[in-house]
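The block underneath contains the structure these notes are about, expressed in structure tokens.
Numbering of residues begins at 1 and proceeds along the displayed sequence.
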Amino acid sequence: MAATVRLGTFTPSVLLRVCRRLGRLDHDVTETLVSSSPAQFRALLDGTFDAVLTSPDNVLAYRFSPVNPLGVQAPVEMLAAIDRGMGLALYGDPAGARFGVDVPGSGFAFAMYALTESLGRSRDDYELVTLGSTPTRLRALLAGECDATMLNAGNELHAEAAGFRPVLSVAGACGPYLGTVLAALEPVPWLAAALTGVAAQIVAGEHDAIVVGEAASALGFDEVLAERYLKRLRSPTEGLVPDGKIDRASLETLVGLRRRYGPALDGDPLAAALALA
């Protein structure tokens, strides 16, 4: 086991910081923020990262689909379910002309296509702007560089503080959803156990002061937003997954979105993903 585990993330992980504060990490974990999902998986596949906190749709893409942004497949495993989307919703002007995405073929983009269709708009009704990670898309929305985008994991709370409101949430429109998993090419059981164990304690009402403090520090929240973030962590429909299990219903949602909006594939390689639950 390496002395340090290198973890790639999109938004700073409050859960990881709480684990560190509580002394639950058996080894050092360094966290590196990434610019996009292709960049994250390029680093995972070339050994720069030992593990990632990522959308489970990325695992579907790079493990099961021969058509993905890197053009390679690898035996990436979902080691633990972390959260159910953490407020993932469409923010901005749903009638706008420019919609920001990580990349057009990503899981959050697929969810956005489903939400906009439910609002009566097809993908041909707006321009897709490739912007990268959620924090980057938040900055673009606030700067007027896109009209709407998908936000979550605390980024949406900053948008709300700036006057934006959720147009439609994934939890409300798409059914059971899984927003983040711990994934790797090789098992890291102690890290999965630490994250899920502390997640269960947070959901049970423990460590409030530590969570609020770490959220304020990591995400730039004032006390009000940090308290709202804590409440979201405890949401049974959008928050932490206390047992860390990958459930079939959420996988079916993700596979269904990728089948509907992703690239056409020969056969149905995504069917194998449902066996992961």
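For the atom pair R42 CZ and L70 CG, the distance stands at 5.0 Å (nearest 0.5 Å). Distance check: L33 CG to T9 OG1 gives 4.5 Å after rounding to the nearest 0.5 Å. The CG atom of L16 sits 7.0 Å away from the CG atom of L191 when rounded to the nearest 0.5 Å.
The pair R98-D147 does not count as a salt bridge, with every side-chain nitrogen at least 4.0 angstrom from each carboxylate oxygen. For the pair R248 and E252, the salt-bridge criterion is met [side-chain N within less than 4.0 Å of a carboxylate O].
Nearest heavy-atom pair across S36 and G132 is CB-CA, 4.2 Å. Pairing each heavy atom of L15 with each of A199, the nearest pair is CD1-N, 3.9 Å. Contact record, P56 with L254: CG-CD1, 3.4 Å, taken as the closest heavy-atom pair. Of all heavy-atom pairs between R232 and M86, the closest is CD-C, 3.5 Å. Closest approach of A81 and T196 over heavy atoms only: O-CG2, 4.3 Å. Nearest heavy-atom pair, L88 versus E238, reported as atom, atom and distance to 0.1 Å: N-OE2, 4.2 Å.
A tilted orientation is assigned to the rings of F221 and H158, their planes being inclined by 30° to 60°. Using bins of under 30°, 30° to 60° and over 60° for the plane-to-plane angle, the ring pair Y261/F110 lands in the parallel bin. Note on ring orientation: taking the six-membered ring where Trp is involved, the planes of Y177 and F108 are tilted (angle from 30° to 60°).
In terms of modelled atom types and a separation under 3.5 Å, the side chain of R123 and the main chain of Y113 share no donor-acceptor contact. Judged by distance alone, the side chain of R137 and the main-chain N or O of V101 form no donor-acceptor pair under 3.5 Å.
Residues R139 and T136 have side chains that bring a donor and an acceptor to within less than 3.5 angstrom of each other. In this structure, a donor-acceptor pair under 3.5 Å is absent between the side chains of N155 and T134. Between the side chains of N58 and S55, no donor-acceptor pair of N or O atoms lies under 3.5 Å. Side-chain atoms of R84 and S250 include a donor-acceptor pair closer than 3.5 Å. In this model, a donor atom of one side chain and an acceptor atom of the other lie less than 3.5 Å apart for Q40 and T54.
Heavy atoms from other residues, nucleotides or ligands lying under 6.0 Å from CG of D222 number more than 12. Taking a 6.0 Å sphere around CD of E206, one finds it holds more than 12 heavy atoms contributed by other residues, nucleotides or ligands.
Hydrophobic side-chain contacts under 4.5 Å tie L151 into a cluster, directly or through other members, with Y91, L138, L141, L142, F164.
Clustering ILVMFWY residues whenever any of their side-chain heavy atoms sit less than 4.5 angstrom apart, transitively, puts L45 in the very cluster that holds F64.
P12 places a side-chain heavy atom less than 4.5 Å from the side chain of R17. Counting heavy atoms from C-beta on, the side chains of L219 and E214 never come closer than 4.5 Å.
Qualifying salt bridge (charged side-chain N to carboxylate O under 4.0 Å, His left out) partners for R20, counting only residues two or more places apart in sequence or in other chains: none.
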Test side-chain contact (heavy atoms from CB on, under 4.5 Å) applied to V129 and T149, step by step: CA-CA 9 Å; V129 184; T149 192; over 6 Å; no
